[in-house]
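Notes follow once the structure below has been shown.
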Amino acid sequence: MQMQRSVFRLAAPALAAAALALAVPAAAQQQHAHHDAPVPTSGIRAELIRDVQQLEQKYLSLADAMTGKYAWRPAEGVRSVGEVFAHVAGANLMLPMMVGVAPPESMPAANLQEAFGRMQTLERETDEGRVKEALRHSFMHIRHAIAAVPDDQLDGMVKVFGQDASRRAALNLLVTHMHEHLGQSIAYARSNGVVPPWSAGGGD
């Protein structure tokens, strides 16, 4: 689907320009992913949160396994190991703004233009410890962000990179984005002789 492919190319100039032009409505800016939002136990949001929890375990274990290799990149002009992790962290913190969930107070942004600027700054972070902490914090935020969107608002329409989409589709897109970059990170690890920790026992 075109919308699904679009989010995976955030660095492309044309897409970035379109994304930066989208301001989050003032009313939407007020919706924070409160830590006391009830965690759903059934339905699409519960399924997405379970998926995010599995992704979190894999990302954090791989981030630890790749310690000392964050500067490696497969080719000039391609994101490095650390830049991929930072990109995922930034997306997790900022892209929920598309469904009306404000970023955490640690990375405030008034609109998507400012949010993407902060994402780009995070991708330039070279301290491995800070990248890991941002990644860990971002998963906590995205779980709360999913929980903060009530079921009765999932079919409501929002703008996702200039296209109309339901909040349900936008949340799915956030998780799909993480899966794409997990595959990329696994390939990076294998290229460096690192076996993903969850595969070390002979699994996939």
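These figures come from a predicted structure and were not determined experimentally.
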### Task
List the steps, then state whether side-chain contact (heavy atoms from CB on, under 4.5 Å) holds for Arg73 with Glu83.
CA-CA 9 Å; Arg73 65 183 75 240; Glu83 287 168 348; 3.0 Å; yes

For [X] versus [Y], what's the shortest heavy-atom pair and its separation?
X: Leu62; Y: Ile186; answer: CD2-N, 4.0 Å
X: Lys159; Y: Gly162; answer: NZ-O, 4.1 Å
X: Asp127; Y: Glu125; answer: N-OE2, 2.9 Å
X: Pro96; Y: Ala145; answer: CB-CB, 3.9 Å

Would you say the side-chain atoms of [X] pair up with the backbone N or O of [Y], donor to acceptor, closer than 3.5 Å?
X: Arg45; Y: Ala147; value: yes
X: Tyr59; Y: Val88; value: no
X: Asp51; Y: Glu47; value: no
X: Glu128; Y: Gly68; value: yes
X: Ser199; Y: Val195; value: no
X: Arg168; Y: Leu154; value: no
X: Ser80; Y: Tyr70; value: yes

### Task
Quick one: list whatever passes side chain to side chain contact (heavy atoms under 4.5 Å, CB included) with Asn192, sequence neighbours left out.
Met66, Lys69, Trp72, Val194

### Message
Applying side chain to side chain contact (heavy atoms under 4.5 Å, CB included), can you list everything that pairs with Val39, at least two apart in sequence or on another chain?
### Response
Ile49

Out of curiosity, does [Y] fall in the hydrophobic cluster containing [X] (side-chain heavy atoms, cut-off under 4.5 Å, transitive links)?
X: Met157; Y: Met98; result: no
X: Trp198; Y: Phe139; result: yes
X: Val131; Y: Val78; result: yes

### Task
Would you sort out whether Lys58 and Ser185 count as a side-chain hydrogen bond (donor to acceptor under 3.5 Å, both in side chains), showing the intermediate values?
CA-CA 10 Å; Lys58 290 184 176 181; Ser185 298; over 6 Å; no

To the closest 0.5 Å, what do you measure between [atom1] ([X]) and [atom2] ([Y])?
X: Arg79; Y: Phe85; atom1: CZ; atom2: CZ; value: 13.0 Å
X: His181; Y: Tyr188; atom1: NE2; atom2: OH; value: 9.5 Å
X: Leu48; Y: Leu174; atom1: CG; atom2: CG; value: 9.0 Å
X: Met140; Y: Leu93; atom1: CE; atom2: CG; value: 9.0 Å
X: Met94; Y: Gln120; atom1: CE; atom2: CD; value: 11.5 Å
X: Leu171; Y: Thr176; atom1: CG; atom2: OG1; value: 10.5 Å

### Message
Any carboxylate oxygen within less than 4.0 angstrom of a Lys/Arg side-chain nitrogen, looking at Arg136 and Glu133?
### Response
yes

### Message
Using a strict threshold of under 4.0 Å (side-chain N to carboxylate O), is an ion pair present between Glu56 and Arg143?
### Response
yes

### Query
Which residues pass the side-chain hydrogen bond (donor to acceptor under 3.5 Å, both in side chains) test with Arg167, sequence neighbours left out?
none

### Query
Step by step, would you call Lys132 with Thr67 a side-chain contact (heavy atoms from CB on, under 4.5 Å)?
CA-CA 10 Å; Lys132 291 177 185 179; Thr67 296; 2.6 Å; yes

### Task
Could you give me the CA-CA distance, side-chain angles and deciding distance for Val158 and Val160, then say whether side-chain contact (heavy atoms from CB on, under 4.5 Å) is met?
CA-CA 6 Å; Val158 294; Val160 177; 4.0 Å; yes

### Between His177 and Asn92: side-chain donor-acceptor atoms closer than 3.5 Å
no

